[in-house]
Amino acid sequence: MTETAFTPRVFSGIQPSGNLHLGNYLGALKRFAASQERGIESLFCMVDLHAVTVWQDPADLTRATRELAAGFIASGLDPDRSILFNQSQVPEHTQMAWVFNCVARMGWMQRMTQFKDKAGKNAQNASLGLFAYPALMAADILVYHATEVPVGEDQKQHLELTRDIAAKFNHDYGVNFFPETEPRIEGAATRVMSLRDGSKKMSKSDPSDMSRINLTDDAETIAKKIRKAKTDPEALPSEAEGLEARPEARNLVNIYAALADQSVDEVLRDMGGREFSAFKPALADLAVDQLSPITAEMSRLMQDVSEIDAILARGAERARAIAQPIVRQTYEIMGMVTS
């Protein structure tokens, strides 16, 4: 059996769907920037190939891709320390995706809950790409031999599929070539909920703009949205157990903890017993302090997109330097002649 020593490597991607909000920042962008301190090679990309599994207006997709790149950079991701790139600029993703289309089983794909959720009752009219994109997601990860992926709870099933694909390929060809990538779920606000309904995830698709804090919101708007966020009449508890069955309270405390780089218990030690009339202004001040510099830097970058485009082009070159030999070795293992 061919043995491969896997270099520790992190990969994650975000769809450029536009209108970045607090959930994107706390659940992904902030954590990605912080992960640079671990000293592990990390790749982050705008997964525009996933975005086109449903129809996209070309101009909107271009703008959203650049805006997402600006969000990464403004949130502290250093394109010299990490590799930041646009998925479609690295053709090895789609080359590996075809291989994994042939490894994955139909039954595995049919169990993917996100396809069922997105296709709904109209599954026969959904694109083939929407059905098969978990294989592309596996390719995104394994084309770099990524050993870990920071993911939200809602993406764990796709990472499990990635591990199944890696294991089946290794078994079928008698190799230890692809790592069984580990998920990394961490932080107090990996899943940020709506400001209007603590049982629903914060989303750009919610018809109420008051349900979310956009990264383009100004300080006054941020403070207003927090002031009007749904809560309950009870004071904050002194321990995390007291937030059970209080989804809106738990969400606001989680947001405070994530912005302040504290645990929920630490926040409640300081804030326990306070009414929301006192807690919300503190949260608003913290949110404005943390988010205003990001908003300003995103605005600056979007005024001169040539800087963003140059960063993404350099990132794609660096990503291809890793991906190309892995694709070539994959083909060789499978018996396909390579030059």
Under 4.5 Å side-chain linkage, directly or through intermediates, the cluster mates of Trp98 = none
Just wondering, more than 12 heavy atoms not from Glu266 lying within 6.0 Å of its CD?
-> yes
Answer with yes or no whether the hydrophobic clustering places Ile213 together with Ile255; edges join I, L, V, M, F, W, Y residues whose side-chain heavy atoms lie under 4.5 Å apart.
-> yes
Which pairs, with at least one residue in residues 80-102 and sequence neighbours excluded, count as a salt bridge (Lys or Arg N to Asp or Glu O under 4.0 Å)?
-> Glu37-Arg81, Glu92-Arg320
Scanning both residues in full, the closest heavy-atom pair of Gly315 with Phe85 reads C-CB, 3.6 Å
Which ILVMFWY residues can you reach from Leu49 by hopping between side chains whose heavy atoms are under 4.5 Å apart?
-> Leu136
Would Leu312 and Met46 count as a side-chain contact (heavy atoms from CB on, under 4.5 Å) if you check the C-alpha gap in whole Å, the side-chain angles of each, and the deciding distance to 0.1 Å?
-> CA-CA 10 Å; Leu312 296 182; Met46 282 55 67; 3.3 Å; yes
Only counting residues at least two apart or in another chain, list the ones meeting salt bridge (charged side-chain N to carboxylate O under 4.0 Å, His left out) with Asp265.
-> none
Look only at the side chain of Asp217 and the backbone of Asn214, and say whether a donor-acceptor pair between them is shorter than 3.5 Å.
-> yes
Atom pair CD1/CE of Ile141 and Met137 - distance to nearest 0.5 Å = 7.0 Å
Counting N and O atoms only, with roles assigned by atom type, does the side chain of Ser238 sit under 3.5 Å from a partner on the main chain of Gly272, one being a donor and the other an acceptor?
-> no
Between Ser35 (side chain) and Phe32 (backbone), is there a donor-acceptor pair under 3.5 Å?
-> yes
Residue pair Lys30 / Asp261, side-chain heavy-atom distance below 4.5 Å = yes
Tell me, with the steps shown, if Tyr25 and Val192 meet side-chain contact (heavy atoms from CB on, under 4.5 Å).
-> CA-CA 10 Å; Tyr25 174 65; Val192 180; over 6 Å; no
Residues that Asp60 engages under side chain to side chain donor-acceptor pair (under 3.5 Å), provided they are two or more places apart = none
Can you find a pair of side-chain heavy atoms, one from Asn254 and one from Val267, that are under 4.5 Å apart?
-> no
Glu307: partners by side chain to side chain donor-acceptor pair (under 3.5 Å), with sequence neighbours left out | Arg300
Nearest 0.5 Å please: distance from the CZ atom of Arg105 over to the CZ atom of Arg111.
-> 12.0 Å
Across all chains, not counting sequence neighbours, the side chain to side chain donor-acceptor pair (under 3.5 Å) partners of Asp164 are none
To the nearest 0.5 angstrom, please state how far the CG atom of Asn86 sits from the CG atom of Asp48.
-> 4.0 Å
Side chains of His93 and Tyr144: does their closest heavy-atom pair fall under 4.5 Å?
-> yes
Name all residues meeting the ring-ring contact (aromatic ring centres under 6.0 Å, His included) criterion together with Tyr173; count only those two or more places apart in sequence or in a different chain, and write none if there are none.
-> Phe169
Donor-acceptor contacts, no H, no angles, side chain residues 284-295, under 3.5 Å, sequence neighbours left out:
unit_1	atom_1	unit_2	atom_2	d
Ser292	OG	Val288	O	2.9
Thr295	OG1	Leu215	O	2.5
Thr295	OG1	Leu291	O	3.2

All heavy atoms of Pro281 vs all of Phe276, minimum pair found to be CD-O, 4.0 Å
Spell out, as yes or no, whether a donor-acceptor pair under 3.5 Å connects the side chain of Lys230 to the backbone of Asp197.
-> no
Do Met302 and Ile308 have side chains that get closer than 4.5 Å, going by heavy atoms?
-> yes
Should Asp206 and Ser208 be marked as a side chain to side chain donor-acceptor pair (under 3.5 Å) after you check the CA-CA gap, both sets of side-chain angles, and the distance that decides it?
-> CA-CA 5 Å; Asp206 192 306; Ser208 172; 4.7 Å; no
For the hydrophobic clusters of this structure (ILVMFWY residues joined by side-chain heavy atoms under 4.5 Å, transitively), does one cluster hold both Val175 and Tyr331?
-> yes
Which atom names give the shortest non-hydrogen contact between Ala166 and Pro179, and what distance separates them?
-> CB-O, 3.5 Å
Is there a donor-acceptor pair under 3.5 Å between the side chain of Ser12 and the backbone N or O of Val149?
-> no
So do Met109 and Phe131 actually touch side chain to side chain, heavy atoms under 4.5 Å?
-> yes
Does Ile14 reach the side chain of Val47, with side-chain heavy atoms less than 4.5 Å apart?
-> no
Look only at the side chain of Arg246 and the backbone of Glu234, and say whether a donor-acceptor pair between them is shorter than 3.5 Å.
-> yes
Where Lys280 and Ile226 come nearest, the two heavy atoms and their spacing = CD-O, 3.3 Å
Can you measure from OG1 (Thr221) to CG (Asp209) and round to the nearest 0.5 angstrom?
-> 8.5 Å
To the nearest 0.5 Å, atom OG1 of Thr7 lies from atom CD1 of Ile322 at 9.5 Å
Where the side chain of Arg212 meets the backbone of Ser203, is there a donor-acceptor pair that is under 3.5 Å apart?
-> yes
Check: residues 65-74 side-chain donor-acceptor pairs under 3.5 Å, at least two apart:
unit_1	atom_1	unit_2	atom_2	d
Thr65	OG1	Leu61	O	2.8
Arg66	NE	Asp309	OD1	3.0
Arg66	NH2	Asp309	OD2	2.8
Glu67	OE1	Asn19	N	3.2

Determine, stepwise, if the pair Phe11 / Val143 fulfils side-chain contact (heavy atoms from CB on, under 4.5 Å).
-> CA-CA 10 Å; Phe11 173 88; Val143 78; over 6 Å; no
Carboxylate-amine/guanidinium proximity below 4.0 Å for Arg38 and Glu148 = yes
To the nearest 0.5 Å, tell me how far Gln15 CD sits from Gln87 CD.
-> 9.0 Å
Run the numbers on Glu248 and Arg196 for salt bridge (charged side-chain N to carboxylate O under 4.0 Å, His left out), then give the verdict.
-> CA-CA 8 Å; Glu248 284 78 24; Arg196 308 303 297 165; over 6 Å; no
Val99-Ile326 co-clustered via ILVMFWY side chain contacts under 4.5 Å = yes
Please list, chain by chain and in numerical order, all residues satisfying ring-ring contact (aromatic ring centres under 6.0 Å, His included) with His21, sequence neighbours excluded.
-> none
Any link between Ile83 and Leu142 through a network of hydrophobic side chains (Ile, Leu, Val, Met, Phe, Trp, Tyr) touching at under 4.5 Å?
-> yes
Mind telling me whether Phe177 and His145 have parallel, tilted or perpendicular rings, with 30° and 60° as the class edges?
-> perpendicular
Heavy-atom side-chain contact between Glu182 and Arg184 under 4.5 Å = no
Minimum heavy-atom separation for Ser211 to Met202, with atom names?
-> O-CE, 3.8 Å
Any pair counted as salt bridge (Lys or Arg N to Asp or Glu O under 4.0 Å), so long as it reaches residues 122-131, sequence neighbours left out | none
Could you check if a side-chain atom of Tyr256 sits within less than 4.5 angstrom of a side-chain atom of Val264, using non-hydrogen atoms only?
-> no
Flag yes if Leu128 and Met96 sit in one hydrophobic cluster, no otherwise; membership is Ile, Leu, Val, Met, Phe, Trp, Tyr, and two members link when side-chain heavy atoms are under 4.5 Å apart.
-> no
Would you name the heavy atoms of Ala313 and Gln89 that are closest together and state the gap between them?
-> CA-OE1, 3.8 Å
